[in-house]
Amino acid sequence: MIANAPRIREQILALLSRKDYRPLNRVEIAGKIGVSGRARLAVRGTLRDLEHAGEIARIRKDRYVLPAEADLVGGKLSIHPAGYGFLISEKAGQPDVFIAAENVGTGMHGDRVVARISPEPPAGRIKGRREGRVIRILERAHDTIVGTLQRSRNFYYVVPDDPRFVHDVYVRPVAVVQEDRRSETVATVGDKVVVRLDDWQSRHVNPEGEIIEVLGPASAPGVDVLSIIRKYHLPTEFPPDVLRVGAGGAYSGKC
């Protein structure tokens, strides 16, 4: 029988809260709370859930601590078009943390992240403001972006419509196979496109992705509206019941 997850959660938090606690990995934590065999799966899952919720943090060598004990804070990243950002803490009443552009890492606007608080802000910065550096991405806010296709001498890239996405996205072949798998739409420079983002691990290279939909030339009528619909994942079709109530059944159901 798999151990009771709520009980394991309590045991893990109690262990990490002890004054004599030293950072342990998941195997060592399981041993400390007396869990073995198949029940270790519950420990792994609970650690993952606690980390995702921002209640614990994973540091080097996959060891776990309470965020405050390692000067860590979790929250949502808000990026300014100039490249710097602010970490909005998930704990009520906590001040935002300034994140300089060089410390954003691979964080993107809206991501849930963990940042380490800097002991001393760099000279010339505003005193009294907490500053930090993003060390881990907990959850991506977006798996797609909308932008305009461009081309350099050697590669294609997409300039995001949202200026808070400060990096251009390199894209692979620009032919998109349609849902029926029988036809292709070829994107050309200047088209608005939807890009599915790849996993981005290194700040030293631009994010990459794949064009999954071609919306049409940026200047074409209606493409700007369609771009907004795709950006915010708005529905373009509605259930029959909604249409009957809202339009007396006369509306086609498509935007």
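Checked against the 6.0 Å centroid threshold, H80 and F86 do not count as a close aromatic pair.
Separating the CG atom in L13 from the CD atom in E55 is a distance of 6.0 Å, to the nearest 0.5 Å. Separation of atoms CZ (R44) and CD1 (I8) is listed at 12.5 Å; rounding is to 0.5 Å. Taking CG of L138 as the start and NE2 of H52 as the end, the distance is 7.0 Å to the nearest 0.5 Å. Atom NE2 of H109 sits about 8.5 Å away from atom CG of L77, to the nearest 0.5 Å. In this structure, CE in M108 is found 10.0 Å from CD1 in I79, a value given to the nearest 0.5 Å. Atom CD1 of residue I12 and atom OG1 of residue T46 lie 5.0 Å apart, to the nearest 0.5 angstrom.
Side chain to side chain, K192 and T148 meet the donor-acceptor criterion of an N or O pair below 3.5 Å. For the residue pair N206/E208, the side-chain donor-acceptor check at 3.5 Å is not satisfied. A donor-acceptor pair shorter than 3.5 Å can be found between the side chains of T188 and D191.
A distance-only check finds a donor-acceptor pair linking the side chain of D111 to the backbone of A141 [under 3.5 Å]. Without hydrogens or angle criteria, R63 side chain to P23 main chain gives no donor-acceptor distance under 3.5 Å. The backbone N or O of P95 sits less than 3.5 Å from a side-chain atom of R130, completing a donor-acceptor pair. For the pair W200 (side chain) and G107 (backbone), a donor-acceptor distance under 3.5 Å is absent.
Partner of V171 under the side chain to side chain contact (heavy atoms under 4.5 Å, CB included) criterion, out of F155, Y156, Y157: Y156 alone.
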Full working for salt bridge (charged side-chain N to carboxylate O under 4.0 Å, His left out) between D143 and R196:
CA-CA 6 Å; D143 58 4; R196 180 190 296 118; over 6 Å; no
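No more than 12 heavy-atom neighbours from other residues, nucleotides or ligands sit within 6.0 angstrom of CZ on R26. Around the NZ atom of K32, the shell of radius 6.0 Å holds no more than 12 heavy atoms that belong to other residues, nucleotides or ligands.
Looking at heavy atoms from C-beta onward, V195 lies out of side-chain contact with I212 at the 4.5 angstrom threshold.
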